[in-house]
Asker: 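Dropping the structure in here first, questions after.
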Amino acid sequence: MKQFTLSLVKNSLRPVVKLESWNNFRALLDTGAFFPIWTAEEEILNDLGGRILRKNVFFSGFGGRTKGNLYEVQKIVIGDLIFPNTHIVACKDLQYVPFQLILSATMFQNLIYEIDDKNHRFNVTIPDDESNVRNLRIEDANGRLHILCHSA
C-alpha cells in the first residue's frame, strides 16, 4: 500500500487542501459531490491546456440543478494521485468561493481516505490492487451525466 498526506488549510471551516503539486490551487473535499467542479475563471483551465468538450451541460448539486461547461484537463495532480486527461465541469455559479476546485468522492473510488480535521490532514491510502493513475470521465447517457473512475 502507498500512502500520502496533504495538509488541510487551517482556519477554514470546511476541509480545503492546497494542491502544491498542481499550481497551488485550493480544493474543497466534498464527499457528497459526484463530479469534480472547477469554480474559478474558465480562462485558467484554457491556460492549463484544458479543452472544452461540451457547453451548458446540466447536472444536479448545490441544492438543485445547475449547468456548466464540460472540460478535459491534461493532468490533475493530487498528492501522489495523477488524473490524466480528466473531465471536470466548470460552473460559473461558484466563482466567488475561496477555492478553485471541488474534489468529488468519486475521484477517490476504491481508495481509503480520511479527513482528519483535528490534526488538519487529508490522509489517502492507495491499496496494492489500485494504481495512483486514475482515469476519470464524465459521460452523457440519455441527457443525464454520469461518472466513470478507475485505476489505470
Side-chain angles (χ1 to χ4, degrees), residues 2 4-111 113 115 120-124 126 130-152:
K2 297 178 187 175
F4 69 89
T5 298
L6 298 176
S7 296
L8 294 177
V9 174
K10 291 185 179 178
N11 302 321
S12 177
L13 297 175
R14 301 188 234 174
V16 174
V17 294
K18 188 173 183 181
L19 301 177
E20 293 177 8
S21 55
W22 197 52
N23 300 304
N24 286 318
F25 293 131
R26 290 179 180 229
L28 172 71
L29 301 165
D30 188 343
T31 58
F34 198 54
F35 305 111
I37 305 292
W38 181 256
T39 63
E41 296 291 329
E42 289 185 46
E43 290 78 26
I44 297 171
L45 282 179
N46 292 321
D47 292 344
L48 293 170
R51 68 180 181 100
I52 195 159
L53 299 177
R54 215 166 125 209
K55 290 187 176 192
N56 297 317
V57 296
F58 284 93
F59 63 100
S60 296
F62 316 110
R65 285 181 51 87
T66 190
K67 66 181 177 177
N69 295 327
L70 180 61
Y71 277 82
E72 181 178 76
V73 179
Q74 289 178 349
K75 182 169 67 170
I76 296 175
V77 178
I78 302 168
D80 292 342
L81 298 175
I82 301 167
F83 295 84
N85 301 313
T86 200
H87 293 178
I88 188 170
V89 177
C91 185
K92 294 175 183 167
D93 296 339
L94 299 170
Q95 288 185 352
Y96 302 104
V97 293
F99 43 84
Q100 292 79 33
L101 181 63
I102 297 174
L103 303 177
S104 63
T106 51
M107 297 176 80
F108 303 98
Q109 184 176 343
N110 295 323
L111 304 179
Y113 58 94
I115 299 170
H120 307 288
R121 297 198 186 318
F122 177 55
N123 303 309
V124 178
I126 305 167
E130 291 290 326
S131 172
N132 69 312
V133 179
R134 315 287 292 165
N135 293 310
L136 187 137
R137 303 285 178 268
I138 299 174
E139 297 183 357
D140 187 356
N142 301 320
R144 191 170 173 168
L145 294 182
H146 67 279
I147 194 160
L148 304 169
C149 184
H150 57 83
S151 288

Asker: Rounded to the nearest 0.5 Å, what separation is found between the OG1 atom of T106 and the CZ atom of R134?
Answerer: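 Rounded to the nearest 0.5 Å, the OG1-CZ separation comes to 10.0 Å.
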Asker: What verdict does the ring pair (Phe, Tyr, Trp, His ring centres under 6.0 Å) test give for W38 and F25, after you've listed the backbone C-alpha separation in whole Å, the side-chain angles of each residue and the deciding distance to 0.1 Å?
Answerer: CA-CA 11 Å; W38 181 256; F25 293 131; 5.2 Å; yes
Asker: Tell me the closest heavy-atom pair linking I78 and F4, and the distance in Å.
Answerer: O-CZ, 3.5 Å
Asker: Tell me whether S7 contacts the main-chain N or O of H120 through its side chain, where contact means a donor paired with an acceptor under 3.5 Å.
Answerer: no
Asker: Could you go through T31 and Y113, starting from their C-alpha distance and side-chain angles, then the distance that decides it, and tell me whether this counts as side-chain contact (heavy atoms from CB on, under 4.5 Å)?
Answerer: CA-CA 10 Å; T31 58; Y113 58 94; 4.0 Å; yes
Asker: I want to check something: taking the side chain as every heavy atom from C-beta on, are L45 and V73 in contact at a cut-off of under 4.5 Å?
Answerer: yes
Asker: Determine yes or no for a side-chain-to-main-chain donor-acceptor pair under 3.5 angstrom, with N132 supplying the side chain and L81 the backbone.
Answerer: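 Not at all, since once roles are kept as given, no pair shorter than 3.5 Å links the two residues.
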Asker: Are a donor atom and an acceptor atom from the side chains of E42 and N69 found within less than 3.5 Å of each other?
Answerer: yes
Asker: Mind running side-chain contact (heavy atoms from CB on, under 4.5 Å) on H87 and L53 for me, showing each step along the way?
Answerer: CA-CA 9 Å; H87 293 178; L53 299 177; 3.5 Å; yes
Asker: Looking at side-chain heavy atoms only, is the closest gap between P36 and L136 below 4.5 Å?
Answerer: yes
Asker: Could you check whether any side-chain heavy atom of D30 comes within less than 4.5 Å of a side-chain heavy atom of L103, counting everything from C-beta outward?
Answerer: no
Asker: If I compare all heavy atoms of N85 with all of R137, which pair ends up nearest, and what's the gap?
Answerer: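 For N85 and R137, the tightest heavy-atom pair comes out as O-NH1, 2.7 Å.
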Asker: Quick check for you: to the nearest 0.5 Å, what is the distance between I115 atom CD1 and L29 atom CG?
Answerer: 5.0 Å
Asker: If you round to the nearest 0.5 Å, how far is CG of N24 from CD of Q100?
Answerer: 9.5 Å
Asker: Can you see which heavy atom on V77 is nearest to which on S21, and at what distance?
Answerer: CG1-OG, 3.3 Å
Asker: For the atom pair CD (E72) and OG1 (T86), what is the distance rounded to the nearest 0.5 Å?
Answerer: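 These two atoms lie 8.0 Å from each other.
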Asker: Just to verify, what does F122 make a ring pair (Phe, Tyr, Trp, His ring centres under 6.0 Å) with, not counting sequence neighbours?
Answerer: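 So F122 forms a ring pair (Phe, Tyr, Trp, His ring centres under 6.0 Å) with F108.
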Asker: Find the distance between CD (E130) and CG (L111) and round it off to the nearest 0.5 Å.
Answerer: 6.0 Å
Asker: Is a side-chain donor or acceptor of W22 paired with a backbone partner of K75 at a separation under 3.5 angstrom?
Answerer: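 Yes: the side chain of W22 pairs with the backbone of K75.
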Asker: About how many Å separate OG of S131 and CD1 of I82, when rounded to the nearest 0.5 Å?
Answerer: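 Going from CD1 on I82 over to OG on S131, the span is 8.0 Å.
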Asker: Take N11 and V9 through the side-chain contact (heavy atoms from CB on, under 4.5 Å) test and state the conclusion after the steps.
Answerer: CA-CA 7 Å; N11 302 321; V9 174; over 6 Å; no
Asker: Verify side-chain contact (heavy atoms from CB on, under 4.5 Å) between I102 and T39, making sure each step is shown before the conclusion.
Answerer: CA-CA 8 Å; I102 297 174; T39 63; 4.2 Å; yes
Asker: Indicate yes or no: at least one non-hydrogen side-chain atom of L19 is less than 4.5 angstrom from one of R26.
Answerer: no
